[in-house]
K.L.:
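Would you mind keeping the following structure in view while I ask a few things?
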Amino acid sequence: MAEPFRVGFAPGVSPGKWFTRWEQRLPDSPLAPRLVEPEDQQRLLADGEMDMCFVRLPLERDGLHLIPLYEEQPVVVAGKDHPVTAFDEVDVADLAAEHLLQAADACPEWAAVADEVREGRRVEPPPMTVAQAVEVAASGAGILVLPMSVARLHQRKDVRAVPVTGVATTQVGLAWRVENEDPRVETFVGIVRGRTERSSRQPDAGPADSGARPEAKHPGPGRGRAAGGGRRRGGAGPRKGRPGR
């Protein structure tokens with residue numbers, strides 16, 4: 001039996017359908033899936049510890065091939081009783097008076113409008129995992145801005161996630177080292193691209209700077225809907241305003 005084919009994936013990414021197709025097509029070539037934190041994805045790829053990885057951008061692309069796959073809607077995560085949770089959608093400007101429980105450069109759009117940054121009283125939070133930060137947000141001590149899938153991964157009964165505009169979407173892609181000549185790379189690319197087993201197409205992902213276009217959008221919520229798909233809390237009908245600053 002061949003050595004396992006090592007495929008990493010960032011938190012919130014759901015590669016199960018592609019893994020299943022691989023197992024059906026190559027039952028004698030086992031996969032070795034691995035959850036990879038975004039801060040580790042660059043190193044693990046560069047060191048050859050992963051054959052391929054579903055990454056969350058940004059990523060230093062030198063020496064890597066990259067296929068952009070889809071974009072994710074950003075959401076603001078706050079305690080369930082926070083004023084922003086009464087709305088289907090908020091703009092980043094509506095969060096100016098809030099305390100961000102992440103490094104300010106994790107959401108530069110918030111930093112550009114934040115009162116605590118403008119007034120020079122910003123105190124950066126201590127390093128925390130996402131799960132820890134969500135727990136702090138549940139206490140009402142601040143907010144987080146996360147990709148929708150990551151917020152869903154860490155959902156709790158005492159927090160809510162609301163789509164936020166004015167913040168760049170995040171992009172998920174599939175990356176691998178340029179010098180990786182394992183033929184299984186081409187096979188995996190074909191599976192992700194949706195090619196059939198009989199297809200003779202060659203992988204059309206050139207170098208990472210080839211400008212490959214995303215092939216699919218993350219299903220994400222419709223505009224004007226809360227993360228859970230409902231309208232304003234309490235059934236009050238469509239949103240008629242934004243939270244005060």
Side-chain angles (χ1 to χ4, degrees), residues 6-19 33-77 92 100-112 127-131 133-134 143-154 161 163-180 185-186 188-194 203-221 227:
R6 303 160 302 172
V7 181
F9 57 98
V13 177
S14 300
K17 63 179 180 180
W18 296 309
F19 289 171
R34 177 176 173 178
L35 181 65
V36 175
E37 295 297 332
E39 59 267 26
D40 296 328
Q41 57 192 19
Q42 188 87 48
R43 175 183 58 81
L44 293 175
L45 280 168
D47 292 348
E49 295 186 41
M50 292 284 102
D51 293 303
M52 307 185 81
C53 189
F54 291 95
V55 297
R56 182 165 280 111
L57 276 60
L59 182 75
E60 176 56 52
R61 304 186 184 189
D62 287 347
L64 296 177
H65 289 305
L66 176 71
I67 300 175
L69 296 177
Y70 58 84
E71 294 180 345
E72 289 189 291
Q73 165 76 50
V75 297
V76 55
V77 176
V92 67
L100 188 71
L101 296 168
Q102 299 154 279
D105 58 7
C107 186
E109 298 90 348
W110 172 85
M128 294 182 283
T129 65
V130 175
V134 170
I143 62 166
L144 296 166
V145 177
L146 300 170
M148 170 68 78
S149 68
V150 177
R152 285 175 173 164
L153 184 65
H154 295 280
V164 57
T165 60
V167 174
T169 58
T170 57
Q171 194 169 54
V172 171
L174 178 63
W176 67 98
R177 287 175 294 116
V178 169
E179 65 268 24
N180 189 343
V185 168
E186 177 183 333
F188 196 82
V189 169
I191 288 173
V192 173
R193 288 293 202 186
D204 48 1
D209 59 355
S210 62
R213 297 176 59 187
E215 292 201 334
K217 291 287 187 181
H218 191 275

K.L.:
Which heavy-atom pair separates Leu59 from Ala175 by the least distance, and what is that distance?
P.N.:
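Minimum heavy-atom separation between Leu59 and Ala175: CD2-CB, 4.1 Å.
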K.L.:
Report yes if the side chains of Val145 and Val92 come closer than 4.5 Å at any heavy-atom pair, otherwise no.
P.N.:
no
K.L.:
Kindly give the heavy-atom pair with the smallest separation between Gln171 and Pro68, and that separation in Å.
P.N.:
NE2-CB, 3.7 Å
K.L.:
Say you draw a straight line from CD of Glu37 to OG1 of Thr129; how long is it, rounded to the nearest 0.5 Å?
P.N.:
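The OG1 atom of Thr129 is 8.5 Å from CD of Glu37, to the nearest 0.5 Å.
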K.L.:
Answer whether the closest heavy-atom distance between the side chains of Leu174 and Cys53 falls below 4.5 Å.
P.N.:
no
K.L.:
Would you say the side chain of Phe9 lies within less than 4.5 Å of the side chain of Val36, judging by non-hydrogen atoms?
P.N.:
no
K.L.:
Show the nearest heavy-atom pair for residues Gly173 and Leu57, with the distance to one decimal.
P.N.:
N-CD1, 4.1 Å
K.L.:
State the CG-CE distance between Asn180 and Met52, to the nearest 0.5 angstrom.
P.N.:
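Here the rounded value is 8.0 Å.
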K.L.:
Which atom names give the shortest non-hydrogen contact between Ala168 and Pro74, and what distance separates them?
P.N.:
O-CG, 3.9 Å
K.L.:
Could you tell me which non-hydrogen atom of Pro163 sits nearest to which non-hydrogen atom of Gln73, and how far apart they are?
P.N.:
CB-NE2, 3.8 Å
K.L.:
Side chains of Ile67 and Arg193, heavy atoms from C-beta outward: is any pair under 4.5 Å?
P.N.:
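Contact flag for Ile67/Arg193 side chains = yes.
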K.L.:
When rounded to the nearest 0.5 angstrom, what distance separates CD in Glu60 from CG in Leu66?
P.N.:
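If we round to the nearest 0.5 Å, Glu60:CD and Leu66:CG are 11.5 Å apart.
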K.L.:
In Å, rounded to the nearest 0.5 Å, how long is the span from CD of Glu39 to CZ of Arg56?
P.N.:
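Glu39 CD to Arg56 CZ: 11.5 Å, rounded to 0.5 Å.
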K.L.:
Side chains of Val13 and Ser149: does their closest heavy-atom pair fall under 4.5 Å?
P.N.:
no
K.L.:
Mind checking whether Leu101 and Val77 have side chains closer than 4.5 Å, heavy atoms only?
P.N.:
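Sidechains of Val77 and Leu101: no contact.
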K.L.:
Quick check: does any side chain N or O of Gln41 sit under 3.5 Å from a backbone N or O of Ala10, one acting as donor and the other as acceptor?
P.N.:
no
K.L.:
Donor-acceptor check, side chain of Arg43 to backbone of Glu49, threshold 3.5 angstrom: yes or no?
P.N.:
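Side chain of Arg43 to backbone of Glu49, a donor-acceptor pair under 3.5 Å: no, none is there.
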K.L.:
Is Arg177 reaching over with its side chain to a backbone N or O of Gly63, donor-acceptor style, under 3.5 angstrom?
P.N.:
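Judged by distance alone, no pair lies under 3.5 Å.
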K.L.:
Compute whether any side-chain donor of one residue and acceptor of the other, for Ser14 and Arg152, lie under 3.5 angstrom apart.
P.N.:
no
K.L.:
Any side-chain heavy-atom pair from Val7 and Phe54 closer than 4.5 angstrom?
P.N.:
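Touching, per the 4.5 Å side-chain cut-off.
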K.L.:
Under the side chain to side chain contact (heavy atoms under 4.5 Å, CB included) rule, what do Val55 and Leu64 come out as? Steps first, then yes or no, please.
P.N.:
CA-CA 12 Å; Val55 297; Leu64 296 177; over 6 Å; no
K.L.:
For the residue pair Val130 and Val150, establish whether any side-chain heavy-atom pair is separated by less than 4.5 Å.
P.N.:
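Yes, at least one pair of side-chain atoms sits under 4.5 Å.
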K.L.:
Give, for atom CG of Asp51 and atom CZ of Arg34, the distance between the pair rounded to the nearest 0.5 Å.
P.N.:
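One gets 12.0 Å once the value is rounded to the nearest 0.5 Å.
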K.L.:
Kindly state whether the ring of Phe188 and the ring of Trp176 have centres lying under 6.0 angstrom apart.
P.N.:
no
K.L.:
Drop me the distance from Leu144's CG to Met128's CE, to the nearest 0.5 angstrom.
P.N.:
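The CG atom of Leu144 sits 7.0 Å away from the CE atom of Met128.
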